[in-house]
Amino acid sequence: MAGLYLHIPFCRQACTYCDFHFSTSKDRNAVLDAMETELIKRSKEMGDGRVGTIYFGGGTPSLLAPDSVATFIQQARDLFRVESEAEITLEANPDDISPERLSEWKAAGVTRMSLGTQSFRDDRLKWMGRAHDAQQALTSIGLIAKAGFKTWTIDLIYGLPEMALSEWDEQLAIALDHGMPHLSAYCLTVEAKTALAHQVRKGAVRMSEDDDQSAQFDRLMERMAAAGLEHYEISNFGRPGHHSRHNTSYWEGVPYLGIGPSAHSFDGVSRRWNVANNAAYVKAVKEGAPYWESEKLSPAQRTNERLMTGLRTSRGVDLDKLEVDALGINSSVFRTHVSKGYINVVDGRLVLTRAGRHFADRIASDLFVTDHDR
Ligand code: SF4
């Protein structure tokens, strides 16, 4: 069962930390038309045509008129065998939420709302360049909770400059008070070519210390565990039955089709990524010219991807599915991480311990292999 990802490359304004592909242009129709064309052209790539999850990501999908969301979902249903219980997620920002729009998205088939809350403090939201304020974040959570979606989630950011543990604690308390069934919490990182990177370079912003970020991650894990939300991926916590099926499929290496500028696709063997430029995308789709690059993954690359994504999940990495014996090749590094109490092998799966979750990406890359290692 594959996933379908639709990248909606528009935002109202640019958040200072963001390196996703988007444009603030209000002229959206040409891109949406090109995406419909791409979806039709590439529908045969979807194996047996069965689709278990559809995900509208971006950018800001909630900028789309609900009609456009409905059209894409109907088009997917016409082209693929979309499961009757498919998970259909729409990312939304608080400034786009109203009771009317929620009910239209629901009627269109959306089953899961993902709200870009980020913070419940006006000063932080302003600093991040978000288009909404704290009151809009709270109001929109209340509206989503009442709207009758199968599930919903919010995003929060920690590791902000000079963020005290008490501030983060307060943010988590507000979120939990609103009864969210799922939380994605990300540590702020400085991505190249963002406004934040420029501010840091100039010395106008000083990022928080690793120790503070680490303490906030610990508090996040404690708070979520106490509230009954399972820590099923480094940045993701959900009540049973409310985990993201779409993202879980990514982490498990399930094929997916990505439509739209900058969208990535994976068919089990090759990765493909579309050009991250709206005008170039529209022109190439119209002319039938290539608008993507692709790469066939080698056994070592597939092994490394499984390590990188699988290790971030609570289920860990199924060692039988690794094409290259990464633990055998990196046996001394592996033993070091075990002795430090960062990783374990449980029932044939490599899993991080709670302490190891602080270093997931580094531990995975320590275990990477090359094609010469085989
Ligand atoms: S709304 Fe989301 S995608 Fe758009 S700039 Fe902000 S963080 Fe990036």
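Whatever order the structure lists them in is the order used to number ligands and atoms, beginning at 1. Keep in mind that what you see is a predicted model, and the values were worked out from it rather than measured.
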Heavy-atom contacts with G59 under 4.0 Å: which atoms of ligand 1 show up? List them by number with element. 3 (S)
Quick check on atom 8 (Fe) of ligand 1: does C11 put an N/O/S atom closer than 2.8 Å to it? no
Looking at CG of D122 and NZ of K126, how far apart are the two atoms once the value is rounded to the nearest 0.5 Å? 9.0 Å
Does either side chain, that of H246 or that of T53, offer a donor lying less than 3.5 Å from an acceptor on the other one? yes
Any sub-3.5 Å donor-acceptor pair from E83's side-chain atoms to R50's backbone N or O? no
For ligand 1, which atoms sit closer than 4.0 Å to a heavy atom of N93? 1 (S)
At under 4.0 Å between heavy atoms, what of C15 touches ligand 1? The answer is both
Should Q118 be listed as contacting ligand 1, given a heavy-atom distance under 4.0 Å as the test? no
In ligand 1, the atoms that come under 4.0 Å of a heavy atom of C18 are 3 (S), 5 (S), 7 (S), 8 (Fe)
Within the 6.0 Å centroid threshold, strictly below: F217 and H358: yes
Determine whether any heavy atom of Q13 lies closer than 4.0 Å to an atom of ligand 1. yes
Check the orientation of H7 and Y5. Use parallel for under 30°, tilted for 30 to 60°, and perpendicular for over 60°. tilted
Can you tell me how the ring of Y256 sits relative to the ring of Y250, calling it parallel under 30°, perpendicular over 60° and tilted otherwise? perpendicular
Hey, does G116 sit under 4.0 Å from ligand 1 if you only count heavy atoms? no
Per-atom contacts of ligand 1 with T60, taking only distances under 4.0 Å to non-hydrogen atoms: 1 (S), 4 (Fe)
Is the Y291-Y281 ring centre distance short of 6.0 angstrom? yes
Which residue holds the protein heavy atom closest to atom 2 (Fe) of ligand 1, what is that atom called, and what is the gap in Å? R130 NH1, 4.0 Å
